[in-house]
Amino acid sequence: MRVLVATAVPAERDAVAAACAAAGAGVEADVLATGAGPAAAAARTAVALAREAARGRPYALAVSAGIGGGFAPAAPVGSVVVASEIVAADLGAETPGGPEPFASVADLGFGTAVHRPPTALARAAAEAAGAALGPVLTVSTATGTAGRAALLARLRPGALAEAMEGFGVAEAAAACGVPALEVRAVSNAVGPRDRAAWRIPEALAALGAAFGAIVPVLDGWRERTWS
Ligand SMILES: O=C(O)c1cccc(C(=O)CC[C@H]2O[C@@H](n3cnc4c(=O)[nH]cnc43)[C@H](O)[C@@H]2O)c1
């Protein structure tokens, strides 16, 4: 089975690629650094998925992977999260005077704000990696205040983490008829911006360890038997 893993930056790509190589299973994983943000992730993922399909060697799964911010207390720094839902958390409109100050594209009636990975696959991946399973938000602007963290948590109850590429990867995958998964290792807390507190090496190590555990799960995965 062929799997496309999309990361934002080369450091994330290298951590995932090393883990996949070490796992050495039957899964053929290509790991791509797309650049940061949902637009770059969607564009590069769509190109890769469409190109390989046209060559007659389609990918069976697209995975958005990397570091991310974790919502306290559910997703502490160093932990890993697998998405049960991949949510476009800031794609929509501000709605001052409304019941909430934000309406998603789905609320507005012109798009989807959520992609759902195959349930059993996401659960099995989370179990194998010792990861939490829950909604992961995609944002175009990383949260930098306690107020915004509280708003996101209120709008999306149960959200475990935020990052900047998952929804783009999932949109590209949906357009190509391929399921998507998202795996995030938590490098920092979602909240007041404190770049010095980001624990990037620890998160990259956790990301690699998670992939080492998830690759055998993907190896056994068949779209018809896992939903
Ligand atoms: O400087 C480095 O060595 C380095 C190594 C690996 C990754 C980075 C990044 O800056 C990755 C950016 C990427 O990380 C996601 N991310 C991480 N924390 C958050 C957050 O709190 N809110 C939103 N996104 C976050 C995101 O997907 C970025 O694209 C640097």
Side-chain angles (χ1 to χ4, degrees), residues 4-20 31-45 48 62-83 85-92 102 113 115 117 131-132 134-156 158-173 180-211:
L4 178 66
V5 185
T7 69
V9 302
E12 296 166 318
R13 176 196 63 201
D14 295 346
V16 172
C20 291
V31 193
L32 181 67
T34 63
R44 303 246 159 71
T45 300
V63 185
S64 176
I67 64 173
F71 285 92
V77 170
S79 69
V80 176
V81 168
V82 173
E85 298 182 337
I86 301 171
V87 182
D90 58 6
L91 183 62
F102 173 79
H115 287 288
V136 175
L137 310 187
T138 301
V139 293
S140 291
T141 302
T143 298
T145 64
R148 176 138 177 105
L151 174 63
L152 289 173
R154 193 175 80 235
L155 292 175
R156 294 293 177 182
L160 293 178
E162 72 165 35
M164 301 176 76
E165 293 79 30
F167 193 79
V169 171
E171 278 281 287
L181 203 61
E182 182 169 8
V183 180
R184 293 284 160 185
V186 176
S187 54
N188 57 282
V190 176
R193 182 165 171 76
D194 179 9
R195 193 64 167 77
W198 284 33
R199 295 289 173 261
I200 290 176
E202 293 87 339
L204 292 174
L207 183 66
F211 264 83

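Order of listing sets the numbers, starting from 1, for every ligand and every atom in it.
- The backbone N or O of Thr138 lies less than 3.5 Å from no partner atom in the side chain of Glu162, so there is not a single donor-acceptor pair.
- Under the 4.0 angstrom criterion for non-hydrogen atoms, Gly66 is not in contact with ligand 1.
- Each of the following atoms of ligand 1 lies closer than 4.0 Å to a heavy atom of Ala36: 29 (O).
- Here the side chains of Ile86 and Pro117 are in contact, with some heavy-atom distance below 4.5 Å.
- Less than 4.0 angstrom separates atom 12 (C) of ligand 1 from none of the non-hydrogen atoms of the protein.
- Pairing each heavy atom of Ala19 with each of Phe211, the nearest pair is CB-CB, 3.9 Å.
- Of the possible donor and acceptor atoms, one in the side chain of Glu12 sits under 3.5 Å from a partner among the backbone N and O of Val9.
- Both the backbone and the side chain of Ala163 come within 4.0 Å of ligand 1, counting heavy atoms alone.
- Residue Met164 has at least one N or O atom closer than 3.5 Å to an N or O atom of ligand 1.
- For atom 18 (N) of ligand 1, the nearest non-hydrogen atom of the protein is Asn188 OD1, 2.9 Å.
- Distances between N or O atoms of Trp198 and those of ligand 1 include no value under 3.5 Å.
- Take Thr34 and apply the side chain to side chain donor-acceptor pair (under 3.5 Å) test, not counting sequence neighbours, and it matches no residue.
- Qualifying salt bridge (charged side-chain N to carboxylate O under 4.0 Å, His left out) partners for Arg44, counting only residues two or more places apart in sequence or in other chains: none.
- For atom 4 (C) of ligand 1, the nearest non-hydrogen atom of the protein is Ile200 CD1, 3.7 Å.
- Here the rule is side-chain contact (heavy atoms from CB on, under 4.5 Å) with Arg148, and of Thr143, Thr141, Val190 only Thr143 fits it.
- Here the shortest heavy-atom distance to atom 16 (N) of ligand 1, taken over Asp14, Val9, Val139, Ile67, belongs to Ile67.
- A heavy-atom distance below 4.5 Å is not found between the side chains of Ile67 and Glu202.
- Looking at Arg13 against ligand 1, nothing comes within 4.0 Å, counting heavy atoms.
- Distance check, rounded to the nearest 0.5 Å: CG of Leu155 to CZ of Phe102 gives 7.0 Å.
- In terms of protein heavy-atom proximity, atom 19 (C) of ligand 1 is closest to Gly69 N, 3.5 Å.
- Near Ala8, the atoms of ligand 1 lying under 4.0 angstrom from a non-hydrogen atom of the residue are 29 (O).
- Annotation for ligand 1: atoms under 4.0 Å from non-hydrogen atoms of Arg184 are 27 (O).
- The closest heavy-atom contact to atom 23 (C) of ligand 1, among the options Arg195, Glu162, Glu165, comes from Glu162.
- Note that OG of Ser187 and CZ of Arg195 are 7.5 Å apart. Values are rounded to the nearest 0.5 Å.
- Atoms of ligand 1 lying under 4.0 Å from any heavy atom of Ala11, numbered from 1 in the order shown and given with element: 5 (C), 6 (C).
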